[in-house]
Amino acid sequence: MTQGWMSLILGSYGTLTIASEWSWKAPSVLQAFPSVIQLFLIWLVPESPRYQIVKDKHEIARKTFQTYHGPASGDEFVEAEYQEVLETMALEKEFAKRGISELWNTKGNRHRFLIALTAGFFSQTAGSGIVSYYIFLVLKQIGITNSKDQLLLNGGLTIFNFVIAGGMAFTIDWLGRRPLFLTSTFGMCLAMTGWTIASQQYSVTSTTTGGRAVIALIFVFMFFYNLAWSGLLIAYVVEISPFYLRSKYLTVTLLAVAAGSFFTNYVNPVAMEAITWKYYLCYIIWLAFQSVVVWFYYIETKGRSLEAIAVCFEGDDAKVGGAGATEKAKELLGVLHTDGALGKGGDIELQVEHSKILKTKLCLQGKGMLYEYCEKNRVGFKNCGKWIVAQTDEQMAELQKVHDFATSMKIPIRFLSHEEAKLREPDVRAEAGVLESPSTGIVDSHGYMQALHGDFEEIGGTTALASPVSRIQPPPDGRGDWKIWTAPPSASEPIPSSPSAAVPELEGEDTSITAETIVNSAGLYACAINNMILPPERHRKPYYAKGSYFSYSKSHPKPSTLVYPAPMPGHGGLGTHLTIDMAGRVRFGPDVEWVDSPGDLAPTANTERFKAAVADIKSYLPSIDADDIALDYAGIRPKLGKLGAVASGKGFQDFYIKLEEGYDGFVNLLGIESPGLTASLAIAEEVHEMLYRR
């Protein structure tokens, strides 16, 4: 803005003697010149790595961190910084969904809101508007009425402003934001006091000394203004704002700027004409008030990352991940990283405890859609509810974390009294407490898939079974159709060391089909499809987590609700839990066993794992007869890494849903396991959104 003013004023001085309309047209045209410079230079500004992470451009984000922080700090620091930002962005995204009230719903956000509001309003009402818009009235009051002299003084002041504001832009990381704001605001207050005294003296004596003092003090005033309020306004508000609320807080600031400008434009000229120098007394009082606000509420952000700044506002409640995670963030990340083994046996799981925040949204959305679909299409389901039971104070503390997280997501969940729990399920032991999720249920998964298949065929869809994909050719130049070849049913299955189907490429129209889009939802074979399409540096290695379930042949005990042991810190998953199928049969499981083939579906007999499972079961169902527990069946979950099956660790990976960059029409669904069934309809909506609406 200063450059625009400089172009206008200097242009006006140069065209002052032109008799034609170009005396005002030329300066107006010159104002566009700084904007043209910005238009070309903006492309040199690097994109924010936080934005790149939000857009799933993780490798680009890593490279950005490496480019700007790697040479000075090293690879280890860059990786830690990336993980901190990654986890913080996930937490911010999850908890920034409450509309406009999010701007003030916490103590920290109310503090941010105050700064965003006052910064915008203060910047326009500090007195700079008198100089910027009504300098000619000020000069007139001290006897300078010649247009040429007024333009020279105004031009000199604008160049002075440009030099000071530009110079301070290079010193803010040395001096700090808070010292600059304090020096600027207190300095303006003192300068305005001197300006007022000099103006009063001139009005009484009409001496040139008083007029010169006013001019000098105007320069002093603008020196202090440009220390902070000219260049730091937008940058400071952006720095203190969480990523997902940044645009909202910036909007608050700009609205406050507009309100302050309204005051400046409509009050200043009237007051200056009516009471002349006495009007400056109002500014002295106002600047003193601004100084108090800045002193008590404007924090220092120098040398701090956005995550560290969040801690300054929220303290231990800040949702900051990484090595410096706060206790609140560790609690939430612990819940989000917990493998709740959701969806096992076809259950509709409401309480989401997974690492990918996307999974939370899809599971919550999908639960309602799935219940509605099953009811409409007469697919069997039961709303049997789910209990998470605690036996110790340590487990009860973990239950409290689950409860707090669920409540923050507006999920119906409650603690049961000991009496109510004993009355409803007398065989279930819960020494410390019971947390109930009343909306959890089970669904006839086979009937559900049949209903979906029938709907698909009814609208013209065709299903080709026993047709393993052997090769996929992307559209040439990114436009046109995809081409897909299939192999005979006898083709070998993919294995980790050779993720593609081991068959020869088959040519000819009779062995291939074309398609406008490809959705890779191949489950255990999704990595093989991924590796057929993407270049080697984007290949994925599949991991297969087999889980064995145990049946129970006796009719007692037989709870009517799902029962999970409470999560234990440092333990994977939720232990061996009790599930019920649509026929009312009780099963327990699953355990975790890593296998090399997606076809290894035979349940594995393992004495040690069996003993551990029985111990888990007896902790909450003590009257169970261990002799009647037997291996039943096994299932395999597709994983993107071995840490993806445990409850903690930065390697937790699943629910990779992405429209792959550089491959138009290709949506990848990798690591879609529990609660994939619960979220299935919501996943379909998400994929449709990616392909056709974004």
Side-chain angles (χ1 to χ4, degrees), residues 339 341-349 354 356 358-359 362-363 366 370 443 445-453 456 461 463-470 472 484 486-487 489 491-496 498-502 515 517-534 539-549 590 592-602 633-642 644-645 652-660 666-687 690:
D339 182 0
L342 310 180
K344 298 295 187 302
D347 59 314
I348 304 172
E349 180 52 66
H354 290 263
K356 293 292 185 183
L358 174 63
K359 181 184 289 188
L362 295 177
C363 188
L370 182 55
V443 64
S445 56
H446 185 68
Y448 171 57
M449 288 186 287
Q450 282 186 318
L452 288 175
H453 188 232
F456 176 64
T463 306
L465 302 175
S467 302
V469 176
S470 61
I472 300 175
I484 304 143
T486 61
S492 62
E493 294 178 345
I495 57 175
S498 179
S500 299
T517 60
I518 289 183
V519 179
N520 178 17
S521 56
L524 295 170
Y525 301 90
C527 285
I529 300 297
N530 174 87
N531 297 348
M532 291 179 192
I533 297 173
L534 300 181
H539 281 189
R540 294 275 189 165
K541 180 180 179 180
Y543 294 86
Y544 307 114
K546 183 165 78 171
S548 295
Y549 280 82
V592 176
E593 176 191 359
W594 294 104
V595 295
D596 294 329
S597 170
D600 186 2
L601 289 169
Y633 69 95
I636 294 179
R637 292 175 285 164
K639 290 290 185 179
L640 300 177
K642 287 195 174 182
F652 196 104
Q653 304 173 68
D654 59 3
F655 268 56
Y656 177 97
I657 302 175
K658 185 176 180 182
L659 180 63
E660 292 291 357
F666 174 41
V667 177
N668 232 344
L669 280 73
L670 306 178
I672 306 297
E673 48 121 357
S674 170
L677 182 67
T678 304
S680 56
L681 295 177
I683 292 173
E685 290 280 357
E686 180 77 10
V687 171
M690 288 178 173

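In this structure, the separation between OH on Tyr544 and CG on Asp600 is 11.5 Å, given to the nearest 0.5 Å. With rounding to the nearest 0.5 angstrom, the NZ atom of Lys541 is 12.0 Å from the CG atom of Asn531.
Residues Leu659 and Phe666 form no side-chain contact, since every pair of their non-hydrogen atoms from C-beta on lies 4.5 Å or further apart. Contact check for Tyr525 versus Pro468: no side-chain heavy atoms found under the 4.5 Å cut-off. For the pair Ile657 and Met690, the minimum side-chain heavy-atom distance is below 4.5 Å. Using a 4.5 Å heavy-atom threshold, the side chains of Thr517 and Val667 count as separate. The closest side-chain heavy-atom distance from Tyr656 to Leu640 is below 4.5 Å.
Side-chain atoms of His539 never come within 3.5 Å of backbone atoms of Asn530 as a donor-acceptor pair (strictly under, hydrogens ignored). In terms of modelled atom types and a separation under 3.5 Å, the side chain of Asn520 and the main chain of Ala526 share a donor-acceptor contact. Lys546 places a side-chain N or O within 3.5 Å of a backbone atom of Ala602 that can act as its donor or acceptor partner. Using modelled atom types, one side-chain atom of Ser467 and one backbone atom of Leu465 make a donor-acceptor pair closer than 3.5 Å.
Nearest heavy-atom pair across Ile472 and Ile529 is CD1-CG2, 3.8 Å. For the pair Pro638 and Gly523, the tightest heavy-atom approach, listed with the atom from each and the gap, is CB-O, 3.8 Å. Taking each heavy atom of Ile683 and Gly676 in turn, the nearest pair found is CD1-O, 4.3 Å. Pairing each heavy atom of Ile636 with each of Pro598, the nearest pair is CD1-O, 3.5 Å. Closest heavy-atom contact between Trp594 and Tyr543: CZ3-CB, 3.8 Å. Shortest non-hydrogen contact noted between Ile672 and Phe655 is CD1-CA, 3.7 Å.
Around the NE2 atom of His453, the shell of radius 6.0 Å holds more than 12 heavy atoms that belong to other residues, nucleotides or ligands.
Note on ring orientation: taking the six-membered ring where Trp is involved, the planes of Tyr633 and Tyr549 are parallel (angle under 30°, cut-offs 30° and 60°).
The side-chain contact (heavy atoms from CB on, under 4.5 Å) test with Arg540 singles out one residue from Asn668, Leu670, Leu534, and that residue is Leu670.
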